[in-house]
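Written out below as C-alpha cells is the structure these notes cover.
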There are 2 protein chains.
Amino acid sequence: MDQRTPRELLSFSSCDKQEWNADNCPVRDVMNQIAGKWATLLLLALSEKPYRFGELRRLVPDISQRMLTQTLRDLQRDGYVERTVFPTKPPSVEYKMTPLGHSLFSRLQGVMSWAAAHHGEIRAAREKFDASELAA
Amino acid sequence: MDQRTPRELLSFSSCDKQEWNADNCPVRDVMNQIAGKWATLLLLALSEKPYRFGELRRLVPDISQRMLTQTLRDLQRDGYVERTVFPTKPPSVEYKMTPLGHSLFSRLQGVMSWAAAHHGEIRAAREKFDASELAA
DNA sequence: CCGGATCCCACACGATACTG
DNA sequence: CAGTATCGTGTGGGATCCGG
C-alpha cells in the first residue's frame, strides 16, 4: 500500500526486472526529479501558500532566473505545482501546490526536519572521519 | 524538535542569515549528499541487513565500481554507514548501517514508498503536460 | 574480493543579455 | 513582471586498467 518494506522497494529499484530500465523504476524516476538542487526548496516555499515568480526569487535569494524557471516547469510537469497566468498589466503568474504536491511534501518534510535536527551529528561525524583520514 | 514547520525549515534553507552560506544550510547540506544517484538505493539495501561490497554490487546491478566505492565512502563519512574489514583471505569488507543511518532511512522510506505508490499519477501528469505542449 | 587511479564526457547549473 | 536564448563551466558519473 502506502508504506512498503525495504525489500519491496529494493526490488522496485534495482531493476532486476527487465521491463524496468533505469528510467522506468518508480523510485528512481521520482527521486531523480526532486534530487535536483532547488526542487525541494521550492516545494518547501510553496507548501505554505501560493507564490508569484518574483516572490519565489526573493524567498530563495541565490537561485538564478534560469533554474527557477526550469525547476518550476519540471515541478509543474510532474503534477506537483499548478501554474496560473493572470493577464493583468504587467502580467503576473501564480504557482500553487497541488494536492499531489502536498502529499509528496508531507513526506519530504520528514526528511528535511530530520536533516535540520541532526545536522550537528553529521558534521561531527565528518570531522571525525576526515581527521582519521590524516593517517596517510 | 523533530517535526519543524515549513517556515522554520525555509528560514533554515534560504540562507537569509549571512552566517549560512549555501553549504552551511543544514537542509541543503544534508540533502545534497543523499540527492546523489545512488545514495538512496544503497541506504535502501543496507537498511535490511549488512552487506559486503560484492553483494551490494549484485543488488544494484547497474552501478559502477567507482560510484559504489565513492558513495559508500560518502555515506560512511556522514556517519550513516560503518565499514569493517575482515582480514580473511581474500579480504572481505562489510558495510553496516548505523543508528543514525537507520534514523535517516526511516524518513527516506516515507518518500520512497510514496514514490512507488504515486508513480502512475506522476507519469500521467507528465504525458498530459507534454501533450498540451504540442500546441507550439 | 575490494577497491584505487586515470581518462573522458554529458549535463546541471550559473552569468549575462534580450523580449512581450 | 515573467520569462526565453545563448554561451561557458564544474563536476557527477561511466569505462577501463591496475594493485594488494
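Quantities reported herein were computed from a predicted structural model and do not represent experimental measurements. Values reported hereafter were calculated over all heavy atoms of this structure, with side chains retained and with hydrogens, waters and symmetry mates removed. Every chain is numbered from 1 and lettered A, B, ... according to where its sequence line falls, protein lines coming before strand lines.
Direction of the helix axis in the helix from dC1(C)-dG20(D) to dG20(C)-dC1(D) shifts by 50° between the two five-pair termini, rounded to 10°.
Rounded to whole Å, the distance from CG on Asp74(A) to P on dC11(C) is 15 Å. Regarding Leu68(A), its CG atom lies at a distance of 10 Å from the P atom of dA2(D), rounded to whole Å. Separating the CD1 atom of Ile34(A) from the C1' atom of dA12(C) is a distance of 17 Å, rounded to the nearest angstrom. Computed from coordinates, the Arg57(B) CZ to dC1(C) P distance equals 10 Å when rounded to whole Å. To the nearest angstrom, P of dG14(D) lies 10 Å from CD of Gln70(B). Taking atom CG of residue Asn32(B) and atom C1' of nucleotide dT11(D), one finds them 13 Å apart after rounding to whole Å. Look at CG on Asp62(B): it is 8 Å from P on dG14(D), rounded to the nearest Å. Summarising the geometry, the separation between CG on Leu75(B) and P on dG3(C) is reported as 13 Å, rounded to the nearest angstrom.
With sequence neighbours excluded, the residues satisfying salt bridge (charged side-chain N to carboxylate O under 4.0 Å, His left out) with Arg73(A) are Glu133(B).
The heavy-atom pair separating Phe53(B) from Gln65(B) by the smallest distance is CZ-O, 4.4 Å. Residues Tyr51(B) and Ala45(B) approach most closely at CE1-O, 3.3 Å, considering heavy atoms. Of all non-hydrogen atoms in Asp78(B) and Arg126(A), the two that sit nearest each other are OD1-NE, 2.7 Å. Residues Ser113(A) and Arg107(B) come closest through the heavy atom pair OG-NH1, 4.1 Å.
Within the structure, a side-chain polar atom (N or O) of Lys37(B) is placed less than 4.0 Å from OP1 or OP2 of dG14(D).
Glu121(B) pairs with exactly one of Arg123(B), His119(B), His118(B) by the side chain to side chain donor-acceptor pair (under 3.5 Å) rule, that one being His118(B).
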Look for any protein N or O under 3.5 Å of an N or O in nucleotides 3-6 of chain D and output each such pair with its distance, or none.
| unit_1 | atom_1 | unit_2 | atom_2 | d |
| --- | --- | --- | --- | --- |
| dG3(D) | OP1 | Arg83(A) | NH1 | 2.2 |
| dG3(D) | OP2 | Tyr95(A) | OH | 2.6 |

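A 6.0 Å sphere centred on NZ of Lys49(A) holds more than 12 heavy atoms belonging to other residues, nucleotides or ligands.
Summary of the strand contacts: Ile63(A) and Pro90(A) both lie near DNA chain C, and taking for each the nucleotide with the nearest heavy atom, the more 5' one is attributed to Ile63(A). Ranked by how close their nearest DNA chain C nucleotide is to the 5' end, Met67(A) and Gly54(B) are led by Gly54(B).
Checked by atom type and distance alone, the side chain of Thr71(B) never pairs as donor or acceptor with a backbone atom of Leu68(B) at under 3.5 Å. The backbone N or O of Arg52(B) lies less than 3.5 Å from a partner atom in the side chain of Glu55(B), making a donor-acceptor pair.
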